[in-house]
Amino acid sequence: MSRAVESDLHVSASVLAAYSYCEAVTGQQARNFAYGIRLLPTPKRRAMSALYALSRRVDDIGDGALPPEVKAERLDDTRALVARIRAGGVQEDDTDPVAVALAHAAAHFPIPMEGLDELIDGVLKDVRGETYETWEDLKVYCRCVAGAIGRLSLGVFGTERGALHAERAPEYADTLGLALQLTNILRDVREDAQDGRTYLPADDLAKFGCSAGFSGSEPPAGSDFAGLVHFEVRRARALFAEGYRLLPMLDRRSGACVAAMAGIYRRLLDRIEREPEAVLRGRVSLPGREKAYVAVRGLSGLDARNVSRQTVRRRV
């Protein structure tokens, strides 16, 4: 459960301004994420925005045009900032609004800040240009850049008092992060290839004749690209099914937030499955009205109830 959270009457103007900055960053740069967190009560929404803003900073360093050694230095600086936040060394008058907001959030929610170190470790893998031979190898990367975000978010959400098997909530949050990340990898396969990055396991690429990569709008000659995509979609669906077991452990609004964010990505996965080659022609996305529908569905608690019923049936 989260610790007591201050009302606006007890939050200083400098902290409120820092949170406003983080919410603006989130709204501008993470529309799928923003659809989910708008369902949260204000303190949790602000804390999630602070986590996103720091995570975005880390991602931007990794994705930027700086030389690898400079990126590594900046990531080291960010790691030092995280350590300073963890140690309570950031004051409300600090000039970095993200640090101020995250320090306030970490003081009021049991956020496992070591997850941000894992995120930095994952982005360093990108900076070094690491590739992945097997799914087990790729899972390590996904746990760093996405599973860790799931566990960090769980620190803000908390679990319901008396929730069954709540001790497994971090595991399910981590697995849901993997599902989202694998969906991202499928959606961005051409964009990543153009940036010189390959995330899908080399073993899988070879199995489906796709080792030549995805630099164009057509699959490699003679490949079974659709087979590759459908194989990875099945893997992502299994991860979603496991990760969704988190939902009944959360309060209604936190569960709605998770269901909305995960629901958007599951629908992206549906689109990718129906038309695999679309990911080679451009970024697959959902229209705003469909995202809004997913958010309403999440707020209704329908997904959480479905998971609960399935869990009960498995026990019978």
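Bear in mind that the values here come from a model prediction, so they are computed numbers and not experimental data. Count residues from 1 along the sequence.
At a threshold of 4.5 Å between side-chain heavy atoms, the hydrophobic network of Ile, Leu, Val, Met, Phe, Trp and Tyr places Leu66 and Val127 in two separate groups. Note on Val70 and Ile120: separate hydrophobic clusters, where clusters join Ile, Leu, Val, Met, Phe, Trp and Tyr whose side-chain heavy atoms are under 4.5 Å apart, directly or indirectly. Note on Leu182: it does not cluster hydrophobically with Val140, by side-chain heavy-atom contacts below 4.5 Å among ILVMFWY residues.
The salt bridge (charged side-chain N to carboxylate O under 4.0 Å, His left out) search around Glu136 returns Lys139, not counting sequence neighbours. Under the rule for a ring-ring contact (aromatic ring centres under 6.0 Å, His included), Tyr172 has no partner lying at least two apart in sequence or in another chain. Listed by chain and residue number, Phe225, Ala226, Val229, His230 satisfy the side-chain contact (heavy atoms from CB on, under 4.5 Å) test with Pro276 (two or more places apart in sequence, or in another chain). Residues meeting the salt bridge (charged side-chain N to carboxylate O under 4.0 Å, His left out) test with Glu92, sequence neighbours left out: none. Applying the salt bridge (charged side-chain N to carboxylate O under 4.0 Å, His left out) test to Lys125 and every residue at least two apart in sequence or in another chain returns Glu130. Annotation: side-chain contact (heavy atoms from CB on, under 4.5 Å) contacts of Asp94 (sequence neighbours excluded): Arg84, Val90, Asp96, Val100. Looking at residues two or more places apart in sequence or on another chain, you find no salt bridge (charged side-chain N to carboxylate O under 4.0 Å, His left out) involving Lys71. Looking at residues two or more places apart in sequence or on another chain, you find a side-chain contact (heavy atoms from CB on, under 4.5 Å) between Ser153 and Met48, Ile149, Phe157. The side-chain contact (heavy atoms from CB on, under 4.5 Å) search around Thr183 returns Ala236, Phe240, Tyr265, Leu268, Leu269, not counting sequence neighbours.
Within the 4.5 Å cutoff, the side chain of Arg151 has heavy atoms near those of the Glu118 side chain. Taking 4.5 Å as the limit, some side-chain heavy atom of Val123 sits within range of a side-chain heavy atom of Asp59. When side chains are defined from C-beta on, Gln181 does not count as touching Leu178, because their heavy atoms never get closer than 4.5 Å. Between Val233 and Leu186 the shortest side-chain heavy-atom distance falls below 4.5 Å. Counting heavy atoms from C-beta outward, Arg86 and Asp117 have side chains that approach closer than 4.5 Å. For the pair His108 and Arg46, the minimum side-chain heavy-atom distance is 4.5 Å or more. At a threshold of 4.5 Å between non-hydrogen side-chain atoms, the residues Glu242 and Glu171 count as touching. At least one side-chain heavy atom of Leu81 sits under 4.5 Å from a side-chain heavy atom of Arg57.
Pairs passing the salt bridge (Lys or Arg N to Asp or Glu O under 4.0 Å) check and including a residue from residues 222-241, sequence neighbours excluded, read Asp204-Arg235, Glu232-Arg235, Arg237-Asp270, Arg237-Glu273. Sorted by first and then second residue, the side-chain hydrogen bond (donor to acceptor under 3.5 Å, both in side chains) pairs with a member in residues 18-27 read Tyr19-His104, Glu23-Arg45; sequence neighbours excluded.
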Practice problem: Given side-chain contact (heavy atoms from CB on, under 4.5 Å), test Arg197 with Asp63 step by step and report yes or no. | Solution: CA-CA 11 Å; Arg197 295 177 180 172; Asp63 291 338; 2.9 Å; yes
Quiz prompt | Chi angles and distances behind the side-chain contact (heavy atoms from CB on, under 4.5 Å) call for Ser55, Leu119 | solution = CA-CA 8 Å; Ser55 301; Leu119 173 62; 3.7 Å; yes
Quiz prompt | Criterion salt bridge (charged side-chain N to carboxylate O under 4.0 Å, His left out) on Arg79 and Asp121, from CA distance to verdict | solution = CA-CA 10 Å; Arg79 196 187 298 274; Asp121 290 340; 2.8 Å; yes
Quiz item: Could you walk me through whether Glu290 and Arg271 pass the side-chain contact (heavy atoms from CB on, under 4.5 Å) check?
Solution: CA-CA 12 Å; Glu290 192 167 350; Arg271 290 194 171 206; 3.0 Å; yes
Quiz prompt | Criterion side-chain contact (heavy atoms from CB on, under 4.5 Å) on Leu246 and Thr175, from CA distance to verdict | solution = CA-CA 10 Å; Leu246 175 67; Thr175 300; over 6 Å; no
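Closest non-hydrogen pair, Leu39 versus Ala260, comes out as CD1-CB, 3.9 Å. Listed here is the closest heavy atom pair of Gly150 and Ala173: O-CB, 3.5 Å. Of all heavy-atom pairs between Val98 and Cys22, the closest is CA-SG, 3.9 Å. The minimum heavy-atom distance linking Ala146 with Gly177 is given by the pair CB-O, 3.2 Å. Across all non-hydrogen atoms, the minimal contact from Gln91 to Gly88 is NE2-O, 4.0 Å. Between Leu228 and Cys210, the shortest heavy-atom distance links the atoms CD2-SG, 3.9 Å.
Rounding to the nearest 0.5 Å gives a distance of 12.0 Å between CG of Leu102 and CZ of Phe109. Rounding to the nearest 0.5 angstrom, the gap separating the CG atom in Leu152 from the CG atom in Leu54 is 9.5 Å. In this structure, CZ in Arg187 is found 9.5 Å from CG in Asp192, a value given to the nearest 0.5 Å. Taken to the nearest 0.5 Å, the OG1 atom of Thr159 stands 7.0 Å off from the CG atom of Leu154.
Side-chain atoms of Asp137 come within 3.5 Å of backbone N or O of Thr134 as a donor-acceptor pair. For Tyr199 (side chain) and Cys142 (main-chain N/O), no donor-acceptor pair under 3.5 Å exists by modelled atom type. Asp251 contributes a side-chain N or O that, together with a main-chain N or O of Ser254, makes up a donor-acceptor pair within less than 3.5 Å.
Among the candidates Thr131, Asp203, Ile185, the single residue satisfying the side chain to side chain contact (heavy atoms under 4.5 Å, CB included) test with Leu138 is Ile185.
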Extract all donor-acceptor atom pairs below 3.5 Å that involve side chains of residues 212-220 and protein atoms in other chains or at least two apart in sequence.
none

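Atom CZ of Arg190 has more than 12 neighbouring heavy atoms from other residues, nucleotides or ligands inside a 6.0 Å radius.
Between Asp60 and Arg56 a salt bridge is recorded (basic side-chain N to carboxylate O distance below 4.0 Å).
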